Amino acid sequence: MTAGSLPAAPGGVNAPRRRSVDLDDDKIATRELRLPPSFAAKGDTVVVRLLTPLAAWAALWSFAAFRLDPSAAAEGRFLASLAGGVLLCAALASRRPFQGLAAGAVLAVAAGWMLPWGPVRGSALVLVLVGTLAWVLAERWRTEGLSLEWRWALPAGIGIQLLLHAELLLPDSFGPRALVTLLVLPAVGTAAALWAARDRDPRVVGAAVGAGLVLAQGWSLLLTLGLLAWVCGEGLRRRNPWPALLLGLLGGGALVAGWEPREAMLVTAIAVVAWWSAADSAAEAARPRWLLPAGASLLLLLVLGLVPALGARPWPLAFAYLALVPLVLPWLLVAAPSRAMLVALAALAALRVLPGDGVLAPIVATASLTLPAEGQGAWLERRWLALLVGLTVVAGAYPWLREPAATLALDLLGIGSGWISALGVVAASALLVFLSHRGWRVTGAAAAGLALLAAVHLPSSGPDLLPAADALLNAKHPNWGTDLEPRSAAALVVDSTLAFGAALPEGTPVATVRCFHDDGSRSEWSLEARRGTGEWAARRSDVRAAAGAPPRAFSVGVSPDGRFLGQRYRALFEIEDRRPVRRVSVLRRPDLPPEVQLSLLRVELRP
Amino acid sequence: MRSREARSDALAVVRTLAEVLFAASASLALAFRTSPSKLAPAAADPLRSTLVVVPIVALALVWIDRACAARGGRRLAPALRRAHLAAMLGLSVLTLGRGALGLELSAPVVAAGWALLLAHRVYHQTLTLRPLLGRRLPERPSTLFFFLPLVVYLAITPWMSAQRPPDGDEPYYLLLAHSLSHDLDADLANNYAEEDWRTFMDRPIAPQPGDPTGPDGEVYSRHNEMLPLLLAPGYRLAGRSGAVMTLAAMAALLAWLFLRLGRSYFPDSPGAVLLATSLVAFAPPLLLYAVEIWTEVPGAVLATIALDRALVLRRREPRRWEVLLGIGLPVALLPLLKLRFVLIGLPILVLAWWRAPRARRQLVALGVILALLGLGFLVSNQVRFGNPLKMHSSEELDLAHHSLGEFARGGVGLFFDSAFGLFAVAPLWLVVLPGLAWVATRRQTLLADLGLLSLPYLALLAPRGEWYGGWSPPFRYGLVLLPLLGLLAVPAFEHRRSRGARALLSALALVTLVLTLAWVAVPGWTFAFADGKTYLLDHLSRITGSDVVRIFPSTIRPRLATWLWPPLLAALLIAGWWWPRSRRGRRSLGPPRATGTALLLAGAALIPLAGARWPSHVIEIEDAQVGHYGGHLHPSRWTVDRARYRGGWVLRPGESATLPVVAGGDRVAVTIHAQWVSNGGEVLLELRRGEHLLATWRPQEERRWLVHETEPMPWTPGEPLVLALRAVEPGTKPTAAAPSGLVIDRVELSWSAEVSSERADP
């Protein structure tokens with residue numbers, strides 16, 4: 001029997017879990033200490049459900065409306081809208097508006113009120129919102145079992161989308177495309193997930209969609225298309241035309257709108273291959289024989305055609321991603337090798353040629369859908385996915401802080417772009433898979449040990465070398481420097497932004513960064529436009545129209561007028577042999593246009 | 001069979017050893033990872049010590065969970081345990097990786113995250129412990145009710161201690177403990193000379209005013225030696241940390257004793273008593289004092305032991321040793337901790353005599369012994385320090401020279417003051433109001449007992465100028481009464497199922513949770529200055545530019561809110577608690593918890609609105625929302641017993657202050673309370689509406705508080721009131737080093753509507 005055809009038997013994964021158990025012989029229930037469930041059927045209306053989110057929105061908005069600092073006020077209004085929207089979705093998705101929702105709302109308001117404005121406040125508030133939404137879903141799972149249903153999956157999907165595409169709430173980004181992103185993509189994606197869950201273990205679907213959502217930072221077009229394409233196979237087997245129709249509409253619309261057409265085609269091809277490779281023997285007979293050669297040929301053509309145009313990621317990094325994507329060893333153990341290799345190769349090809357981390361999402365999601373629900377590898381698979389999801393959620397808690405969540409997860413794990421790092425991850429995976437045969441206690445202990453090792457090797461931060469105010473380098477005052485007590489350092493970190501620098505071509509040197517060492521030598525690097533630094537207003541509509549897509553930011557914050565997200569950039573320069581540093585200086589290049597200004601926001605020597 | 005058991009035991013030992021080994025290695029690894037030698041010294045991670053204790057605390061909580069199950073309780077759900085483990089890993093990553101995330105300022109936020117996780121664990125663990133109490137409270141509750149609070153206190157100690165060096169009287173207690181443990185004497189002269197305070201703080205300390213001295217240059221502390229004696233063993237072993245851990249153990253013991261005390265009044269309400277115990281143990285103020293060095297926690301422990309034993313005498317035949325050790329010893333030790341505790345100890349003796357007729361003979365004998373001991377104590381003080389009361393005087397006991405207003409201010413302030421009151425530091429304590437109403441309406445013995453035990457102490461304390469404690473977390477002087485207040489919470493928790501009670505409990509619990517997280521994350525916020533404000537309210541006022549402080553009560557700076565809030569809250573709580581259960585056909589107000597939370601948040605939304613819309617009547621010029629362009633605070637922030645002074649702001653010629661004003665009419669009369677300090681040359685105060693000059697005032701009398709009132713003047717909404725000082729004769733040289741100045745205490749605004757057709761001039 002396959003996982004997909006498991007009946008909803010008592011005690012099975014689909015069965016609702018019991019809410020409480022008898023405690024001991026004298027029947028003293030700890031429930032006595034709990035307040036009775038407040039949301040019994042009576043009185044649990046939509047209006048009541050809306051009360052807490054609306055009140056939280058009002059509290060945050062009221063506080064923002066009366067702030068003196070316009071920048072803080074703009075950020076406050078933005079966070080109020082975000083918190084209100086996400087809490088509203090959480091209230092609608094919850095089984096009953098329970099304690100977790102109330103606690104989340106109050107903690108969100110407290111974070112909005114008490115913390116200083118800026119990344120810290122945004123991060124804390126978004127972490128609270130993420131936790132609240134997760135709590136709501138976990139509570140539903142605990143009480144009812146994991147059964148995907150429209151009535152909670154859609155609000156949950158929109159809530160996640162709001163969290164991860166918060167920028168769309170700002171005036172400069174809001175429009176028809178934003179509405180499609182916020183509402184249509186979650187709706188179609190949820191439909192695809194529900195279709196996929198009809199024949200599969202909900203845990204597999206939930207893990208697959210969850211990983212995809214985190215990696216794509218919400219419902220992206222690629223993720224939605226990938227899932228739809230995967231579901232199309234199921235639809236063909238069941239003679240259900242709706243997935244294909246939706247795929248055609250969405251894909252066609254995207255092509256007409258010029259919305260990532262090449263990537264969309266490639267993802268669709270990979271999804272078809274993944275569906276063909278699915279560990280679902282019941283569906284095997286229904287698979288058209290021509291589908292695999294067709295998909296593989298299309299894939300090959302696309303990869304060959306795209307390599308000259310894109311070729312975005314070096315091979316070691318692609319392998320590292322592949323290890324991060326839980327495909328390599330756990331998956332190989334549980335899937336038929338030929339199919340596993342096929343999906344892995346397709347994913348590797350995509351990772352090699354497609355830029356951006358968004359492409360990982362459909363690959364992870366569709367590949368994860370091919371996994372069986374039970375077996376040695378499945379246990380490890382889900383936990384590996386959970387670790388991945390956890391890391392990326394923590395990293396992306398301030399979603400506009402760092403766009404490439406997957407890259408950040410790699411950074412947090414201390415995985416660089418070299419072969420050694422990639423092989424290290426593969427070896428760790430192999431170890432865990434090997435130990436998984438010894439039972440979950442041994443595996444858990446090994447995983448805890450590995451997590452501890454990873455935690456110990458996380459990069460440290462050093463103190464900020466700048467004085468209290470930021471340093472502004474312009475044509476009149478082009479130099480900044482500071483003398484230090486000599487100290488060993490592994491790297492120099494420079495956070496900065498440019499003003500009036502949007503027109504500078506990528507790679508234009510804008511400043512020279514120097515470290516003077518104790519032994520008289522010095523290290524020197526160049527800070528380059530659109531790489532280590534860039535225009536702060538790169539996302540403003542007029543700048544975007546003139547200068548093109550904004551470069552990747554280290555973090556962002558709401559602009560003082562509250563219309564767009566300003567960008568902040570980080571450059572990291574490694575110091576050879578950790579030589580002691582006694583002076584750090586930054587010199588604006590004299591050949592820059594005179595109006596270009598460089599703001600230094602943080603200069604840090606990493607120990 | 002036996003071999004299987006032996007194998008199982010051996011496996012358990014191996015598992016325990018493995019867990020200890022793993023926790024220790026994890027702690028060591030984290031200690032190494034965050035060691036200051038690896039980072040730049042200035043970048044030593046403030047969360048380092050917290051990270052180091054996390055594996056140990058986690059292991060202790062796991063053991064408590066297992067022990068609970070082994071003793072008949074319930075284990076935490078596996079999903080919950082996994083969720084806690086995942087959250088712990090996530091927080092560890094966030095703690096260690098926050099630098100890489102670019103969140104350098106977030107240490108208190110991360111600390112709050114850890115505290116939230118701990119709170120969640122403790123909440124669920126407390127529920128699992130409930131079966132251990134059975135249907136009737138046991139005579140001796142399980143020790144897990146001691147260990148759980150202890151683990152909580154030890155978990156928060158590293159962060160809270162690292163955030164704040166010893167303050168107030170704490171360093172003096174520690175120095176005395178140092179002297180007792182290292183020199184085996186109470187003479188501090190050598191300890192001051194050798195700067196022994198460097199072992200626990202960086203800021204130098206000197207003998208306090210009122211410290212007794214000896215004929216050969218000895219310097220004694222004005223504080224009693226009882227608390228330092230208690231701390232000395234721990235201090236000798238682990239310095240300040242050892243002393244703090246000793247007091248944490250005392251606080252945990254207090255929680256356990258409270259649970260046992262509950263049996264004397266509510267033996268058949270174990271659930272409600274457990275909730276009240278949680279309130280006592282895990283909510284401020286005990287949570288804050290568990291990691292501080294004050295006499296209050298040991299005082300409360302001794303008082304609770306004595307009270308518990310006294311109440312036990314009601315139930316069974318008295319035993320001589322029990323009377324002597326259980327009541328006599330704690331009562332004898334109480335004044336040795338702090339002299340004022342004698343007003344707690346004596347009423348306990350009286351209560352025992354009153355409630356236990358069978359033990360009266362033993363109690364009379366005990367009273368004689370205690371009287372002789374007390375006499376000896378007074379004589380000893382007279383011989384050593386020349387004063388039987390050491391640093392106190394008998395006049396302090398004379399209640400007649402205090403006005404009723406002073407009693408009211410201290411009494412109300414102890415509970416309702418926004419900076420120092422019990423209900424402000426943890427609003428969940430407001431449940432004692434419906435509890436008190438319940439006890440009063442049923443004329444329970446508890447009410448009489450509470451009156452007897454607390455009124456003498458409160459009568460002494462409330463009218464004191466320094467009723468608020470002074471440079472300590474809130475409710476210091478009241479902490480010794482905390483177990484008694486906790487008893488009042490029991491009937492409220494017992495009747496918590498009405499809709500109103502559920503709504504109120506939800507709102508109060510949530511706001512208490514948020515405040516507790518804030519106090520733990522930023523312990524300094526609990527050390528308010530006695531100026532009528534708090535850090536949080538100042539923060540709100542500063543960033544909104546409106547006077548938010550005036551909405552909340554303060555008895556240090558009495559205002560309308562001071563006298564409005566207590567009756568309003570009492571009425572709301574008492575009426576709301578007995579809200580009728582929903583009946584068929586009646587319109588439901590919706591689920592109460594959601595309603596309570598929504599009302600709480602809606603109330604929060606009204607605070608900035610009220611600050612910005614409520615007409616200004618009194619503006620304290622030193623407040624955060626006032627823009628100061630020169631000048632300084634008066635008296636200076638660190639003035640001893642500062643509450644005795646009229647706080648104000650000093651303006652010197654050329655300096656000004658901009659006061660945000662919410663207009664309450666078209667015309668305003670301004671009254672200024674100020675004092676002119678002349679050092680040569682007269683000054684002129686200009687009152688402006690924005691840029692427009694409204695009036696001037698030239699003070700005539702020096703060094704005296706003056707009140708100047710202007711005529712009603714037209715006012716334009718939205719404009720600030722500007723007070724600018726200038727010299728009358730700019731060329732006049734000051735006779736002293738400092739120029740002349742005007743100390744402005746407050747500005748009062750009287751609004752009136754326009755009576756004629758004339759409009760405010762532009």
Side-chain angles (χ1 to χ4, degrees), chain A residues 23-24 26 28 30 32-36 38-39 42-45 48 51-52 55-56 58-59 62-63 66-69 72 97 99 102-103 105-107 109-110 114-115 119-120 123-124 138 142 390-391 394-395 401 411-412 451-452 455-456 458-464 487 554-555 570 607, chain B residues 26 29 33 38-40 42-43 72 74 79 83 86 89-90 92-94 96-97 99-106 109 127-128 130-131 134-135 271 274-275 496-497 502 505-506 510-511 513-514 518 543-546 588 590-595 597-598 600-602 604-605 608-609 611-612:
Chain A
L23 299 172
D24 47 20
D26 61 355
I28 298 168
T30 54
E32 178 213 345
L33 289 185
R34 297 179 197 272
L35 290 170
S38 58
F39 273 77
K42 185 179 178 185
D44 180 11
T45 62
V48 168
L51 278 180
T52 302
S62 157
F63 183 60
F66 291 103
R67 286 196 78 141
L68 293 177
D69 185 338
Q99 203 174 351
V106 173
L107 287 171
V109 171
M114 289 185 187
L115 299 178
V120 172
S123 302
R142 187 179 71 83
L391 280 176
V394 169
L401 174 74
D411 290 346
L412 280 172
L452 185 65
V456 168
L458 286 175
S460 304
S461 61
D464 190 1
R487 63 178 70 160
F554 171 71
S555 69
R570 171 165 285 192
Chain B
R33 164 64 177 73
K38 197 177 177 202
L39 302 164
R74 187 186 173 197
L89 285 173
S92 301
V93 171
L94 190 61
L96 289 165
L101 285 166
L103 303 173
E104 292 80 6
L105 299 173
S106 62
V109 179
L127 296 181
T128 64
R130 166 63 187 92
R135 295 198 176 280
L274 182 55
L275 285 176
R496 66 189 185 278
R497 294 180 189 279
R502 283 150 64 189
L505 256 184
S506 176
L510 285 170
V511 74
L513 171 71
V514 166
I543 59 181
T544 58
S546 58
S588 169
R593 272 196 224 167
T595 312
T597 311
L600 171 73
L601 292 171
L609 191 68

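In what follows, chains are A, B, ... by sequence order, proteins preceding strands, each numbered from 1. Please read all numbers here as calculations on a predicted model, not as lab measurements.
Interface residue Val109(A): only side-chain heavy atoms are found under 4.5 Å from chain B.
Considering all non-hydrogen atoms of both residues, Leu601(B) and Ala105(A) come closest at CD1-CB, 3.9 Å. Closest heavy-atom contact between Thr52(A) and Ala594(B): OG1-O, 3.7 Å. The shortest heavy-atom contact between Ala55(A) and Ala598(B) is CB-O, 3.5 Å. Across all their heavy atoms, Ala605(B) and Ser62(A) have their closest contact at O-OG, 2.6 Å.
Using a 4.5 Å heavy-atom cutoff, the side chains of Leu513(B) and Val106(A) are not in contact.
Ranked by non-hydrogen atom pairs under 4.5 Å with chain A, the options Thr597(B), Val514(B), Leu609(B), Thr544(B) are led by Thr544(B).
Distance check: Asp69(A) CG to Ile543(B) CD1 gives 9.5 Å after rounding to the nearest 0.5 Å.
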